[in-house]
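Quick notes on the structure that follows.
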Amino acid sequence: MSAATTRTSDQTTAGTTATRRTARFHRPGWARRPGAAAGPAGTPVSPSGGEKLLEAIGLGKTFGNGVRAVDDVSLTVGRGETVGIVGESGSGKSTTAKMILGLLAPDEGDVFFDGVPLRGLPRARMRALRARLQVVPQNPQTSLNPRLTVRSSIEFNLRAHGAERVARRTIVPEMLERVGLTPTHAERFPHELSGGQLQRVAIARALATRPDLVVCDEAVSALDKSVQAQVLNLLAELQADLGVSFLFISHDLAVVEHIADQVTVMYLGRVVEQGPAAQLWTSPRHEYTRALLAATPGRALEEAAGRDRPMIPVQPSGADGGAAGSGTAATTGQAAASRPPG
Amino acid sequence: MSTPHTSTSRAPGPAAATTAARPAQPNVVLSVHDLNTTFAAGSRTSNVVRGVSFDLRRGQTLMLLGESGSGKSVTARSIMRLYGRNATITGSVRLSGQELLDLSADRMRGVRGARIALVPQDPTGSLDPLRRIGAQITEVLALHNVERLRRAGRRQAEELLRLVGINDPKRVADSYPHELSGGMRQRAVIAIAVSCDPEVLIADEPTTALDVTVQKQILELFADLQDRLGMATLMVTHDVGVAAEAGDRVGVMYAGRLVEEGPAAQVFASPRHPYTAGLLAALPSPGVPRGTLRSIPGSPPPAGAFPAGCAFAPRCPVARDSCRTDDPPLVAVAPDRSVACPVVNPASPSAPPSTPTAGAVDIPSPAAPPADQPSALSKGGPR
Amino acid sequence: MTAVSDIALGATSSTDPPTGVRPATDATVARRRRRVTWGFRISAATIAAIVLVTLIGPFLVSDPNVGSLSERLLPLGSAGHLLGTDGQGRDVLSRLVNGGRPSLLAGLIPVAVSSLVGTALGVAAGLSGRLTHGAIMRTLDVFYAFPAVLLAIAISAALGSGISNSIIALAVILIPPVARVAETETRRLIDLDYMEAARASGAGGLSIAVRQVLPNVAPPIIVYCTALIGLSIVYAAGLSFLGLGVSPPTAEWGLMISDYKQFLYSFPELTAIPALAILVASVAFNVLGDGLRDLLDVRGETLT
Amino acid sequence: MFGFLARRGLLMIPILLGVSIVIFITIKIIPGDPVASLLGPTGTPEARAALEDRLGLNDPLPVQYFTWLAHTITGDFGTSIARQTTVSPMVFDALWNTLILTAAAAALALVLGVVIGALTALRRDGLLARIGNAFALVSISVPQYSVGLLLIIYLADDAGLFPVSGMYSPNGGGGFGDLMNHLILPAVTAALVPAGIIARMFRSSVLDVMGMDFIEALRARGLSERRILWHAFHNTTPSLLTVAGLQIGYLLGGVVFVEAVFSWPGIGQLVYLSISQRDLPVIQAGVLVSAFAFVLLNLIVDALHGLIDPRVRTH
């Protein structure tokens, strides 16, 4: 792990200045990054105006059994932006995510991360790059190693990028508080936590190395709806504070519409529609998107929403369980204020 | 390995009206009253379903909506008495007037599959992996219709598969479960469930494992079968959208209790219980800016470990001190609607307890809108 | 070698868990069962006692190789010879106590060696790509294709008799099953979400193997190998019984059975005593394995 | 199904080749000088060189291997050094005897294992179940060589119920009844360990299946408990088959001890005797034939597996 050579980019300048790998971990606390999207939470970062962080061009993948899992998929994620991928099972969205994460080599096409092509990248550089490219997996029950404590799980990621013991000691509690848990959660095992708490830990683990892009692979699909809202709010808040980009993969159109700036709809390995989230929801172009939209249950419910409900004021986001009081990362008053009149 | 159960005290609790006092409702197929299910694990017991009451009418779909640990699935299984020795089920479950909790294990077996059928969540797991679909259907047919011949059973099986929208029933009947897609498997499971023309169909998260486009087809199939066969459906779901789409009525469960019950359109248009309202507000929907979803703080209590008083009180924005000590009963707040919350229904603490569909007293509530207007939510609306 | 779980039937199989804290995943169900069983305690005490006796016993009893023909074949309970004497007038108790060390070592060392080598091979195969995986597993398959005992005998015979050779032979036949268990467990993890997260973290393969995979693979391996010790003790004594283990006049349980079977009809207890020692040790390790399974909440994996 | 079997069959070829290589190497490292023992103490260096040449011992190892393999495939295992007769009939006779013993033990183990396993799974708290569990635990730990000896004492000698050793009585007999009489003690001895293992695995397997979702679904369809059990047992057959197959394979080797104790003229005893006589061709042939039988058995188990479980066929 001592082979700390060069980093491809420094976070603060968002350029390609080489810095020592460990420098990342020696910053005091979590400073708000200059250059991060500074608008009030929820203000979408302009999709086209933003700087390109990730670009996938013409990705294709055929598996050994002859299944064409992904065919000619291209997409762009801007800095500080959230891009959603929607599709049903077999649509190739997870395979696409794996190729973007560099876990699967595409048969065709290329992935460029901050201008660097992942194809043919030397192993050492790829590993260093992974600090900036993290993942939050789907199932809270399996996204954390059941035999490791929360601390060990987070430290594993940090150690992989050369964070020294002292740095790890301070980063873990910091990250836990950042996602609305308390430092005492560090010594717990996954089976002692609820689903929402587990996904918070998974988010903390992903953010610990201060990534530029986090791939959320169905990250909220397995959560109860009341808890899902907490986690969605947390993601939005973290993005506003840290300027991190999300690639958000889900089968739930409503969730993607809510969280994403740009949406890519996939069907049988191909992109059938791409565009701004709001437009996709209100005026879908492709037949499949329309079918998907029509099949999304409770669409009628969504349309009727906001008129007569809720009659009872319900608090905005708070942390779930355990951390009542000090540890809760309540949404800012700003966010609450921007709520539309009910 | 029989299915013993204990049907003990039928004594009416303080909050429960006696069975006899309930007027017989026309078309009520299934009447559940003060259902309690307690599991014993070693020396510990956990009360997972707590005093659930509802009526289900012919041709009607009641949605039991709740999050994990709310006891919705246990309610469904308790009605069918699917638990073993470690479960104690009390209260009353009447199927067309017949008390199920009093039946012998043998007679209950005759009810299951024939008069009440179950469609479980995971179609893959609920089929015997080593037997062909056709054989699994004919097995049930033969079981409940002894006089039928084997060949007739086979023909009947294919007819059933056609009924559930399978175009090539011959091939499917000859297939093993793993050779079919998820949607096909769920159709086969439904075919088995409706094979004996049940009065009540209980579906436990029947679409959760499916893609949304397939889910839509399966929900349509349920509606279609209900029209054709006239059965009553009790569907368990965690998905508010599914409940809104496919339910005539909805019962919202939280921590083993029914906290709100009423026509789906009314409940979703104007929820009364703070939990229902919170759940609906937490859904992402167009126009809600990112980061401003109104989530309910905390998480649902784990099954069987419910706090004293109203179990929702610790997460409730309008809870009073009394909420933490007194468990509010489910009270009718309008014709056909009941809510278990004294805050939104101030008349209730002193009001006489009532059952959901008793419809006897209409307690005017300041919180209730004067009339529940039909909204775009009615069943069969835009899908 | 099918992995099987002991999770109770009935209520716990429903989707809405009636008991328990949270949706009953593998982990939570099993964790709740974590407990120290009585079998575990008794077997641990038995093993401790056996080990203690083999360590300090030899200092307390007479020389196992000295005997006078005038005292041959004394019955049980004779003065000065609690368990009697054998055909050469040697004290049976002394031979039993002294025979413990080679018998136990010949059983323990092969398991120790094969657990390390087998785990390394299995985890490596489990984490590698198709080619390496195939190469390792197919090679192991070849060793699997031999009836194990026969292979041990053949190897032992090839190397010549002697305790170290029988240890090598046993280690060779125990590596493939251990490696298979390790490979199965590793493969079970490989597609899990946290493994994907670990690969995406940028950690090296060795780091993932040691810090993420090993904590999950170790418990089932420990359980499996504990039970293997019982089997290995029986096999080791068996090789000695066939004349392929220790050479006379060293005291060893398997060799004692072989020596004493000539008196089978007149003095059956002579054969029964070492046989009982082997049985007790073997049962103790098997029960310990069962107890460890409950303690470490491992999905069942018994001997093949 | 045929395609499935063909694939499995093809997979066996490299394994058998590997087996032959391992045996060849094992024999090569055996200490001792086969040439010297063939020639006897009077052999001259010239005779020795001639013999080495004739045996092909001067060829490079791969050539020696392929020569050996070519002979082996045609069933020519060479000549026994100790007995100066061809090995093949000796080995195949022994294999046949071993198969008789193995089959008897396997049948016994299967019946015992399934009965005890089912009993302990379905009546989990009863006294019988406890006894069954204890029996299974002890029997998997049993050293067969001593159990065999004790059985000889108490049943064969003291009670005089069964013959002590061999396959047939020297005087008279020789018929089927005689064989059965001789078979019982060794078969029981050999069956103990696999019976215990099958019992434990079958118990877990029954519990596993009884916890599956489809069992509840069957119950919800109104099936009787007996009928549900029938479904459950049907679903345990694939894993039972796997375990039983492995155990029968284990028996093929494990009967060595039993054969030694009961003087059963099988492969195990043949190999055991040949080791002390340094009779290389016999050892080679014995181990090779056993391994071949084992691999063949696996193929049969695979085929049965495919027959029982449709999921295996299609993958």
Side-chain angles (χ1 to χ4, degrees), chain B residues 1-4 73 76-77 79-85 105-133 135-137 139-144 174-179 185 189 192-193 195-196 198 201-204 209, chain D residues 1 3-4 117-126 128-129 202-203 205-242 301-315:
Chain B
M1 203 75 44
S2 62
T3 41
S73 284
R77 283 171 167 72
I79 290 168
M80 296 186 77
R81 286 173 51 189
L82 282 176
Y83 292 113
R85 228 162 308 204
D106 262 353
R107 295 199 49 204
M108 187 63 214
R109 203 175 294 136
V111 171
R112 279 192 221 119
R115 296 178 62 199
I116 303 187
L118 177 73
V119 177
Q121 168 170 7
D122 173 17
T124 314
S126 61
L127 291 167
D128 185 335
L130 302 187
R131 306 194 69 202
R132 293 176 203 275
I133 301 290
Q136 302 198 39
I137 299 177
E139 179 177 33
V140 182
L141 287 173
L143 185 74
H144 295 290
D174 283 331
S175 299
Y176 288 100
H178 74 277
E179 296 168 338
R185 262 177 241 155
V189 169
I192 294 174
S195 61
C196 298
L201 185 65
I202 296 182
D204 184 7
Chain D
M1 186 74 200
F4 164 77
L119 186 81
T120 50
L122 298 178
R123 299 258 176 279
R124 276 194 289 173
D125 304 315
L128 267 179
F202 191 62
R203 172 181 187 271
S205 174
V206 170
L207 290 179
D208 235 20
V209 172
M210 290 302 283
M212 285 180 175
D213 284 351
F214 82 89
I215 294 293
E216 190 199 43
L218 292 176
R219 199 165 281 145
R221 287 172 209 160
L223 267 67
S224 65
E225 289 303 311
R226 187 190 301 177
R227 192 101 187 118
I228 290 173
L229 268 187
W230 193 84
H231 277 267
F233 282 130
H234 183 202
N235 272 270
T236 59
T237 42
S239 66
L240 178 66
L241 188 69
T242 310
V301 167
D302 268 351
L304 286 176
H305 207 162
L307 209 65
I308 291 174
D309 193 338
R311 290 165 295 185
V312 175
R313 281 203 294 273
T314 38
H315 286 302

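Residue numbering restarts at 1 for every chain, and letters A, B, ... go by the order of the sequence lines.
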Side chain, backbone, both or neither of R226(D) within contact of chain B (heavy atoms, under 4.5 Å):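 No part of it gets close to chain B.
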Contact origin within L223(D) toward chain B - heavy atom pairs under 4.5 Å: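 L223(D) touches chain B through backbone and side-chain heavy atoms alike.
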Please look at I202(B) and chain D and tell me whether the side chain, the backbone, both or neither of the residue comes under 4.5 angstrom of a heavy atom of that chain.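 Neither part; nothing is under 4.5 Å.
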P120(B) versus chain D, the contacting section by heavy-atom distance below 4.5 Å: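 P120(B) touches chain D through side-chain heavy atoms alone.
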Between S195(B) and V140(B), what is the shortest heavy-atom contact and its length?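 Looks like OG-CG1, 3.8 Å.
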In terms of heavy-atom pairs under 4.5 Å, which option from D122(B), D128(B), D106(B) contacts chain D the most?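 Highest number of pairs under 4.5 Å: D128(B).
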Do the non-hydrogen side-chain atoms of Y176(B) and R311(D) ever get within less than 4.5 Å of each other?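 No, every pair of side-chain atoms sits at 4.5 Å or beyond.
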With side chain to side chain donor-acceptor pair (under 3.5 Å) as the criterion, how do H231(D) and E139(B) come out once you've worked through the C-alpha distance, each side chain's angles and the decisive distance to 0.1 Å? CA-CA 11 Å; H231(D) 277 267; E139(B) 179 177 33; 2.5 Å; yes
Considering residues at least two apart in sequence or located in another chain, which fulfil the salt bridge (charged side-chain N to carboxylate O under 4.0 Å, His left out) criterion with R107(B)?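 None.
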According to salt bridge (charged side-chain N to carboxylate O under 4.0 Å, His left out), who are the partners of R132(B), at least two apart in sequence or on a separate chain?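 With neighbours one apart ignored, the set is empty.
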